[in-house]
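Bear in mind the structure is a predicted one, so any value in this text is a computation, not a measurement. Keep in mind that the numbers below use all heavy atoms, side chains included, and drop hydrogens, waters and symmetry copies.
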Amino acid sequence: MANKKKNKKPATNPARGFATVSVPSKTKELSQEEETLVTPNSEINQGVPSSTRESAPGDDENVPQSTSQKDIRDMTPDELEQHLEQAELQNLVEQNVSKLRGDANRQVVKLHNERRQSRQQADRAIITGLTKQLIDEILMLEVSPVLTEPTRQDSTMNLLESDSPEALIKMWTLQEVLLQLCMPRVHDALKHVSETWYLHGLSTASDYILGLYEAFLWYADNVPPEDLPDYETGEVSAGKKASDNLLETPSLENSEADIHRAQGSPTSAPAEESAEVDTESSTEEDDDENDPDLLTERWLKLQTKHFDLEEADNDNGARSKARKDKIRARIHVIERDILFDQFSAQQKWQPILRDLQIEVRQASKHAKNDLAGVEKQSISELKEVDPLEGDGLLEGMFGHDENDTLQSGDKEDELIQIHDFGKPSGVSPRRVLEDAMADLLERKGIKFKTLLATAHSARLQLDIYWKQKNSVPNERGRECLPVGLLLESPPGVWRFQMQRVATKSIEQSESFLAVSCLFLLVSSGLVSSKSSQRLPKVWRDMLLDLEKQHAELVAKDDVENLKHLRSILQMSQPGRTTTEDSLAHKSTRLARANHSKRHYFERLSPDEARRTWSQKVESAAFNKMKGVRDHLPVYQYKAKILQAFENHQLLIICADTGAGKSTQIPSYILEASLSNGRDYNIFVTQPRRISAISIARRVSAEMGEDQDAVGSPRSLVGYAIRLESKTSPSTRITFATTGVLLRILQEAPELDHIDCLVLDEVHERTMDLDLLFIALKKVQQRRPSLKIVLMSATVDATKFSAYFNHAPVLDIPGRTFPVKVCFLEDAIEEVTSTKGPEEDLPQLENDNIESSDSDEGEPGSEMNDGLEKYSTSTKRVLAHHDYTRIDYNLIVKLVSAIATKPKFLQYSDAILIFMPGIGEIRRLHNLLLTTKTFASKWTIHMLHSSFSTQELEQAFQLPPRGHRKIVIATNIAETGITIPDITAVIDTCKEKIMRFDERRQLSRLTEGFIARASARQRKGRAARVRDGLCFHLVTRHRYETKMSEQTTPEMLRLSLQDPILRVKIWDLGPAEEVLAAAIDPPTGKNIRRAMSKLQDVGAIDSAERLTLLGRILAKLPLDVALGKMAVLGVILQCLDAVISIIASFSIKSIFMESTQNGVSSRATFAQGDSDFLTTYNAYLGWKRASIAGTGYQFCRRFHLSQLQLQQLEEQKTQLYINLVDAGLMVLDTAQTAELHRARNFKAASPNFEPPPRYNTFSNDAVISAVIAMALYPKILKREGQGYRNVFSNQQLQVAPTSINRNANKPPAWLCYLEASQSKNGRLNAFHSSRVSQGMLVLLLGEADVKMFSGVVEVDHGRIRLSFRKWRETLALLRLRSQLQRIIHASLTKLDSSALQIADQKWLDLAAIVLDGNPQS
C-alpha cells in the first residue's frame, strides 16, 4: 500500500528543500527503469532479484499476503514454521553479524599480511623431482583417511547439529572470508567443508577460522590454477572479479536464446512475446513437472520475461500488470518447490541480470538523443517544496508516487529531481572524502567534472582512480545509491554521474557526490565509518539514511543466506548415525581390560604348601646337599636373617664374597614360608643373565632336584632372562635379570603376584637398579605386605639404609682363601726374563676407544719412592709405560710366567683374565692360541654377554684331566657368577662403560679404570676353593691414590633420556620430581636438558606425555636419536645402512687419520655429501673385500682400521638382536637361527643379513632422510661461508674431518650429530649430512602448510620454503600426510611383515621427491 501523506511541517530552514517538475504529494516506489539501473547484490543467496524486490503501489492486492503481515493465529502450520525460522535467523543475524564480519575481515587481513611477509622471508623451493607429472600422480592416488593437521576437533564434534547456531555462524564466517578473498565456487567449497566436518572433523589450527584450511585444500585440488589467487601477486587472473567468483555457471540448454532475445530489445518487449509466456511455461511444466534439473532453467526464463515486462511497461496497464503478477506467482511456485536449488539459480541469474541492465543503460542513452537537451526544461515549471514535507529529508530522493510524476510532451523526457541542501557549513564532504581515501588513490586522485550547470541547478560527475585495480563496490551499496545517480566501475575507476538528479549549486553537487561515494566506500568496507563523523549534520543525516537502507537490505540477504547455509549443513548429513554403540563397545572393552588380571601361578593351600616342602626335605639328594649348605658362612646367621625378615618390610644384607648369600637366602625364605603352610613367591634379580641361569641351577641342585629340572613342573626354581624363560606354575623362586623385573613392573605396577623381592649385587648401581629403587619406595607405601631384601658384598650400607627409612643392615662375613695381591711393577719384574710371543704386536690398531679418565698423565708420571726394591729394568719399563693402552705383550708373558714358573705352579690350574671388551678378548685369545706355551693341554674360553648361554656354560666346566684352562672375560665374571676352579686372576683394571658427554649431548662407549670395590670383587674370584693369586695391572700408587672407591652410579654418568622414558611408562609422576628422589639424584639442569631432547625426537609431546615412538624407544638400549634412526630404518626399509651407521658410533672411527698421497681416506669413499654415507660406503667396500678374502689388504690400501670394522660388524649383530627383542624386526625360524649363529660366531667377522623387505629403499636419498629425521632439529642452513643453526641461531662451521668441509659445491642444508668448540673458539659440526628441501618439507618437524601463501613453515617458521603453484603445495602436503600416516601406522604394527601396496606406492613417490634438490 502507498504511504499516507503526512501533514506539512514548517521548514526550519527555508533555504533547504528540493524542487521537481511537479509537486510530490506522496512518496513513490522506485520506477521500473530506476530499479533496473541498480545492479543487484552479488553476495550469496539473495531472495529475489532487485527488480521485483519492491512492488509498485497498487500491486499488494494481487500478491499473497506475507506471513509477516498475518496474525500468528491465522497462520497455517507451514507458515508458522516459516515465520518462526525467519524470526530465529533474524535474531541470529542481529546478534552476530557485527562480530562475524569483524572476524572475517581480520582473517582476510591476516592472510594477506601473512602471504606478503612469509614469502619475503622464505627460501624459494626448487625440488627438481617434483614435476607436473609427479604432482598429478600424487593427487590422483587414493588417499587413505588421515588427519592433515595434527590438531582436530574432538570426535564428538564430528556429528554436526545442522540446527546449531554455532555451526551456522562458523559456516557464515567462512563464507565471508572466501568472498572477500575473491575465491571461486564458494558454494561448492562450503559444501565440501560441511561434508568433511561431518565425516572427519575440521582442523582447529589457531591461524585459521574453522573450515578455512579444508576449503583451501579443496580449492587447490578442484579449481584450475588460473582461477586462484596468484602466490606472488595475490591477484586472480585477468577478467576474474569477485562478483564472478561465487559459482561457475554451466551452460543451460535453451537459456542462452532467451537471454540474447531479452538483450536484443531491452527497453520494449512486444506484446506478442509477452503473451507467449503463459503458453511456453505451461508446456514446460506439463512435460517435466517433476524434473528438478529443469526447475532452474524455467526459473531463469521466467525472471527474464519478468524483466522484459518491467522495462517495456511504461503505462502500467492492467493487462501488463496482470501478466507480471502471473509470472511472479509462477516464480514463487518454483521457489517453494523442495527440489529447487534457489542458491544455484540466483548465482546463474546474476550475470544474466547484469548483462540485461547494461543493455538497458546503453539503450537509454541512445533514446535521450542529447543529455543536455533534456535539461533545457523551463525553470519556471519548477516549484519549491519544503524538504520536511513527507517522511524525511530524502523522501523524494528515493522514490515518488506515480501520480506525482509530470509527463512532458516528449515520451523520452525524464523526471529530473533537484535538491536544495542549504548553505554550506562545516567541513566540506569533498575534503572528508579526500582525507579518507588518501592512501587508496592513484596519482590522478579524485576528479569532478561538470555535466550541466545553470543558475538554478547543477549536475556533476565524480571519478575515483584507484591504486588497486580490483577494488569492487558492494552491490547492495550500489542499490542504495540515490535515485538518478549512475555508477560505473570499470577496472581501477569508479564513476558517479548525476543523470536524473541535480542540486541547486555546483558546491552542493560536489558534496552530494562525495557523500554518496563515502557511503559506498563504507558499505564496501574500504574505509572506516569514523570518517563520516566530520560531516556537517545535513550530509551526515543523508549518509545515515543511506546506511540504514543498506543495513535493511543486507539483513534480508543475511537471513536468506543463513537459510541456504543451513540447507548445506543438512545435506552433508544424509544418514546421521549415533556413536552410542561404538562408545558402549569401547567402554565394555575397557572394563574387560581393567578387570582382567594376570595370574602368574596358582596359590597353594596351607596343607599343600607344607606337603610340598616335606617332600623336598625327605629326598636323599636334598639331605646330601644340605650338608654342603650348612658349612657356608651364611648358615650361621640363618635364624637371625629370618627373624629380621619377618619383622621388617625391607632388609639390607652385606655379605662378603663366598658367604653364600645369593643361593641360600632365597632358599631360607622359601623354606620358612612353606614349612609354616604359607605359599610364597620369591623373585630374585641378578645383574646378568649368566648369573641368573647359573644360580638358578645351583639352587635347584641344592634342593635335590634333577639336573634339567629347572623351570619344569617338578622344580620349585626357575629363571627368566631376555628371550628365554623357564618357569612353570610350580615355580616359587624365579631368578631373573633386572630388566625382566622392570618389564613386569611396567605391566603390573603393584607386583601383586610377588611376595618377596630379592635384589642382588645392588652395589653396581646400574640405571635400572636406581630406577627400581625409586619405584619400590612407592610400591612399599601401597603394598606393605611386599617384602624386599637388598644384598651385596661391597655396598655402601649406610647410604642404602638411610635411603630406605633406616632399614636394618645385617653384616655376614665371607669364606675366602688368602689371595696374594701383586701390581704392575710386580708383573714387570716377573716377566722380564720370560719369553713371550715371537713377534711384537702391531700398535696401529691398539685400543681405539676413547678414554674417560682425565688423569692419565704422560708415561712415567707414576714413578715414586716405593720402587726401591725393584730392578733397574723394571723402573725403566715403568718410566715409559703408557697407562692408556693395554700391553698385550705383558699379559701374554705374565700368563706364560704363571704357567711355567715353579713358584706360580699351584695357581696355574685355572687363570681368569679380565679385559675391557669383546675386541680385546678376541685379540688376546688369538695371541694366546699362537703362543707355543698354550699350544697343547690348555683350553681357552671367552666369556662375554653377547655369547649364547651354552657357550657361556663351557667356561664353568672343569677341563679334562691333565689340562689347564684360561678364561678371558669382561666384568661379567666380576660378580654374580662363580667359576669354582679359578686360582689366578690377571686384572687389567679396565672396563668399557657408556658415558654421556654433556658437551656433545651424546652417549659414548668409553674405556676407563675400574673402582677399588670392583677390583676387590675381581680379586675374590681367585680364592673360592684354595689360596689364590691376583695381578692388578696398575701400579700400587695408582690403585691406592687415583682409583675411586666406588663405581659412579649410571644415573650420574649416562643420559637421562632412558630413565625419563621409564618414569613416563610407569606413570610415577613428573620426571624431575621422580628422579630427584634417587639415591644419588642428577641435577635439575641435566633432567631438563634430557626432557628437551626427548621432545625434539618426538618421544614426549609438549605436555610431557609419552608418545607412541617414546614407548618404542624405551625398549632400545640406545641414545634416543640413534634409537629413532633405527625405528625409521625399519619403517622406511633401509635397515642395513642405518644399523651400520648406528654401529659406527659404538666404536672409534674406521678411518685412520693419516693421508695417502695427500688425499684423505675419507675422500676416497665420499658419498652423497654425507659423512654417514661415506662411512657406510667404506664399510661396504671392506665387506665385499672380506668376502673375497682380501679384507686386510683392502684396509691397508685405503688406510682403514681392520679391528674397528670387525667390531662394527659385531655391533651390528647385537643391534639386530636388540631390534628383535624390542619387536621391531620380525624373523622366521631360519632367520632367527642365522642371527643366533652370527652372535655366537667366534671368528672375527660374524655376518647376518636382514630379510630383503627391510632394505627395499637402500638409496642415498632415503637413508639421508632417515638420518635427518633422527637428528632433527640439528639443522644447519648455509649463510655466506659458514652455516647457521636454524633453531639456536648459532654460527657453526663444518668440522675439518667432514667431507663437506671443503666441498666444491657445499650443500644448502645440513644435519649433524654433534658440535664441539675448537681451540679458536668456533663451533665445529661433526658427522654432517646433506638435507634436501624435499626432506625439509616431507619429513622434518611439525609443518604448517600455508595454502593461501604457498609457504611451508617448519616448527613455527624456523624453516620456511615458498612454492609457486597451489597444486604443488597441495601435492607435497598430501604426500607428507600420507608418509606420516604410514609411519604412525607402522609404529602401531611393527610386527607386520610388509606394507600395503598403496603404502608402498606412496613411499616410491616420496623417494623421488626426497632427492630432488639442487646443492646450491
ring-ring contact (aromatic ring centres under 6.0 Å, His included) pairs, two or more places apart, involving residues 625-660
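Sorted result for residues 625-660: empty, none.
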According to ring-ring contact (aromatic ring centres under 6.0 Å, His included), does anything in residues 684-711 pair up with another residue at least two apart or in another chain? List the pairs.
none
Measure the shortest side-chain to side-chain distance between Ile665 and Ile641 over non-hydrogen atoms and say whether it is less than 4.5 angstrom.
yes
Assess whether salt bridge (charged side-chain N to carboxylate O under 4.0 Å, His left out) is satisfied between Asp1080 and Arg765, documenting all intermediate values.
CA-CA 10 Å; Asp1080 293 295; Arg765 299 294 305 279; 2.6 Å; yes
Residues [X] and [Y] bridged, charged N to O under 4.0 Å:
X: Lys616; Y: Glu702; answer: no
X: Asp607; Y: Arg611; answer: no
X: Arg1016; Y: Glu974; answer: no

Going by atom types only, do [X] and [Y] share a side-chain donor-acceptor pair under 3.5 Å?
X: Glu761; Y: Ser792; value: no
X: Thr983; Y: Asp909; value: no
X: Ser700; Y: Glu705; value: yes
X: Arg964; Y: Ser908; value: yes

Please collect all salt bridge (charged side-chain N to carboxylate O under 4.0 Å, His left out) contacts where either partner lies in residues 782-795, sequence neighbours excluded, each pair once.
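Only Glu750-Arg782 qualify under salt bridge (charged side-chain N to carboxylate O under 4.0 Å, His left out).
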Sequence neighbours excluded - salt bridge (charged side-chain N to carboxylate O under 4.0 Å, His left out) pairs with any residue from residues 644-654:
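Found Glu646-Arg678.
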Without swapping roles, check the side chain of Ser712 against the backbone of Asp708 for a donor-acceptor pair under 3.5 Å.
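Not at all, since once roles are kept as given, no pair shorter than 3.5 Å links the two residues.
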Side chain to side chain donor-acceptor pair (under 3.5 Å) involving Asp811 - partner list, sequence neighbours excluded
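Asp811 satisfies side chain to side chain donor-acceptor pair (under 3.5 Å) with no residue once adjacent residues are dropped.
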Identify, with sequence neighbours excluded, every residue that meets side chain to side chain donor-acceptor pair (under 3.5 Å) alongside Asp981.
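For Asp981, the residues satisfying side chain to side chain donor-acceptor pair (under 3.5 Å) (neighbours in sequence not counted) are Lys965.
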NZ or CZ of Lys990 within 45° of Phe1009 ring axis and under 6.0 Å
yes
Does the structure place the NZ or CZ of Arg1026 under 6.0 Å from the centre of the six-membered ring of Phe817, at an angle of no more than 45° from the ring's axis?
no
Atom [atom1] of residue position [X] - does it have more than 12 heavy atoms of other residues, nucleotides or ligands inside 6.0 Å?
X: Lys820; atom1: NZ; answer: no
X: Lys777; atom1: NZ; answer: yes
X: Glu1045; atom1: CD; answer: yes

Evaluate the ring planes of Tyr1039 and His1032, with Trp represented by its six-membered ring, and classify them as parallel (under 30°), tilted (30 to 60°) or perpendicular (over 60°).
parallel
